[in-house]
Amino acid sequence: MATVISVHSFRGGTGKSNTAANLAVLFARQGKRVALIDTDIPSPGVHVLFGLNPGTVRRTLNDYLWGECPIRDAAQEITGLFEGAPSAGRLHLVSSSVNAADIARMLRDGYDINLLGEGYRQLAVDLNLDILLVDTHPGINEETLLSIALSNFLLVVMRPDHQDYQGTALTVDVARELEVPHMAILVNKAPLSLDPERIRQTVETTYKCPVAAVIPHSDDLMTLASQGVFVAKYPQHPITRQLEKVAALLLESEEA
Amino acid sequence: MRIARFDAASLRFSLIVACIYGIANVLSGNAYLPGCTFAELRPQVVLPMFVGVLYGPFAGFISGALGDMLGYAISGKGFLFAPIWSLANGLMGAIPGFATAWHVTPIARMRSFVKLQVLLMLASSAPFAIATGYEAATGAAPPAVALFHLFLPIFITDLLWAFLLIPPLLYARRLLRVDIEIRTLLAIHYLLLFTVIATWLGGVLVSSDNNFSIVKLYLLGCVTVLILVVGLAFSLLLSRQITAPVMSLAELARRARDGQYPEAAEFNPLAGRSDEFGLLSGLFRDMMDAVRTRELVLRKKIDDLTIIIDQSKHQADLARITSADHFKDLKAKARALRQGLEQPAKTEKAPT
Ligand SMILES: Nc1ncnc2c1ncn2[C@@H]1O[C@H](COP(=O)(O)OP(=O)(O)OP(=O)(O)O)[C@@H](O)[C@H]1O
Ligand SMILES: [Mg+2]
């Protein structure tokens, strides 16, 4: 059985792609068969974290949604990029096209939303996945609602910033409406000046939702600036430890 | 003007001291200074002065004047043997009594110590200047005798006694706080005092062997007292130089304590010194900087994160999303979709 984990945030730039990429690597290292799918069609970017330039990505999610190829053709195995994974672990990446014409066509013509859901299912079957990680476009629209609805676990990323509060509340309540089985909030880019434990308490009482982690704003992460996967670059970093805990929490629900 | 309250307790105390003073005057009656059968070696003069410092001018006056009269009475000369001198003794006790009014005590700073010295100098000179002036004016003593046989012996010895004994007495009554500033001052004060006394007593010894001259002896006395005063003035400057940077550093620290952290630049005059104090000030500046930064961080940490959600907007947004047809449709099939995702994978995986 494949567990779908969506990483979502109402606002952009909260750290969804970073979180999703790091979790994907951590899962694969634990021997899981993982696919990370970039559904942020208007502004894709997760491939950059793996150092993949768009030219090397032959087929994309766009091609699948246009009915031009089966979804497995859009998946690229990138297990080899990360040393030290147990032999059973596999990491696949489904990228969205960064081609401006492709993006424009997608925005203009749209696509059959049901194909996306079917794509998840097919991918899970084709690649015999344990985990399907979905990196989403921020906000709430038809695709993100679908991804949320399909999720076994929704990880809502938020920044402790008043611009994020209202949208996070909306995301959380929408997911509740859709009866998403598991949900947690990941607070990212927390200012060092705020006490993480207090942030956790406040967020948990406000949204009545568990907080998976409070990750501080980190210059190391910032400097890496989407040029790599943090947990691979800094295996001993405290943030890596935090992300490992998040991964463990997500796996618990997978096993449940 | 605020002066020490004169009450029953201080009256009782001044009367007791008056008795002691009177008896001491009788006992010291034979300890004369050379050339002066009138001014005895009388350390007890500090008693009325001390009473004055403790209980104010009235108490000081009573113990001085009454004690003096008692002394005459005990030695059989009668209470009013020398009323003008009794008055002078009273004034000698009264003048230091303005210590409270002049904010001298408790002595914690250089300024108050200097004020004390001024009071003591006044107390050992002015009353006796009046008394000897009176004696000279009434023709009881020729001016030269009045000056060299009366005034100067009394003034010099009383001043030395006062300078010598009043500080320890104040210390005993916890009216003298011995911090670095006062300690520096005291060290110089006593060093000078002992030098002056030694010089003068040396003069006394030498002159008593050769042809003895009272005038020269007391002129020497005047010179030594002058040296004492000038020396003390210098010591003041000196100890101020030692303590001034400490005090300004303390002032900066005080402000930091009260939460008004001084700017780093304010330390520069101190930290720029090439001596040990410059080193200390530099460290102090850096420490304060570190403390301030740390405090800033901690202060922000205790800032509470407040999350405010506009509930009516929230409900409206939520309703707008959930009332859309595609949402209702999605909601209806969400569970099935999730199961559909799980089931096929399971069946596919089963054979492997
Ligand atoms: N904890 C952190 N500390 C500092 N910088 C961070 C942190 N997390 C993420 N970032 C930085 O924030 C930027 C945005 O991150 P990311 O692309 O993962 O966000 P996103 O939510 O996927 O954005 P978008 O909505 O545009 O897809 C990146 O440059 C990333 O390096
Ligand atoms: Mg992203």
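Order of the sequence lines fixes the chain letters, A, B, ..., with proteins taken first and strands second; residue numbering starts at 1 for each chain. Hydrogens, waters and symmetry mates are skipped; everything else that's a heavy atom, side chains included, is used.
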Can you tell which part of [X] gets under 4.5 Å to a heavy atom of chain B, answering side chain, backbone, both or neither?
{"X": "Thr205(A)", "answer": "neither"}
{"X": "Val4(A)", "answer": "side chain"}
{"X": "Asn114(A)", "answer": "side chain"}

Heavy-atom neighbours of [X] [atom1] exceed 12 at 6.0 Å:
{"X": "Asp109(A)", "atom1": "CG", "value": "yes"}
{"X": "Lys245(A)", "atom1": "NZ", "value": "no"}
{"X": "Arg177(B)", "atom1": "CZ", "value": "no"}
{"X": "Glu276(B)", "atom1": "CD", "value": "no"}
{"X": "Tyr190(B)", "atom1": "OH", "value": "yes"}
{"X": "Arg111(B)", "atom1": "CZ", "value": "no"}
{"X": "Phe277(B)", "atom1": "CZ", "value": "yes"}

If you define the side chain from C-beta out and look only at heavy atoms, does anything of [X] sit under 4.5 Å from [Y]?
{"X": "Thr306(B)", "Y": "Thr202(A)", "answer": "no"}
{"X": "Leu337(B)", "Y": "Leu146(A)", "answer": "yes"}
{"X": "Leu145(A)", "Y": "Ile321(B)", "answer": "yes"}

Counting heavy-atom pairs under 4.5 Å to chain B, which of [options] comes out on top?
{"options": "Ile113(A), Thr206(A), Leu178(A), Ile140(A)", "value": "Leu178(A)"}
{"options": "Asp173(A), Leu127(A), Val203(A)", "value": "Asp173(A)"}
{"options": "Gln122(A), Glu142(A), His162(A)", "value": "Glu142(A)"}
{"options": "Ala149(A), Pro191(A), Gly167(A)", "value": "Ala149(A)"}

Atom pair CG/CD of Leu330(B) and Glu177(A) - distance to nearest 0.5 Å = 11.5 Å

Pairwise distance CG(Leu150(A)) to CZ(Arg335(B)) - rounded to 0.5 angstrom | 14.0 Å

Looking at Pro181(A) and Arg338(B), what are the two nearest heavy atoms and their distance?
-> CD-NE, 3.6 Å

Measuring heavy-atom distances to chain A, does Lys313(B) have an atom under 4.5 Å in its side chain, in its backbone, in both, or in neither?
-> both

Under 4.5 Å to a heavy atom of chain A? For His314(B) that would be both

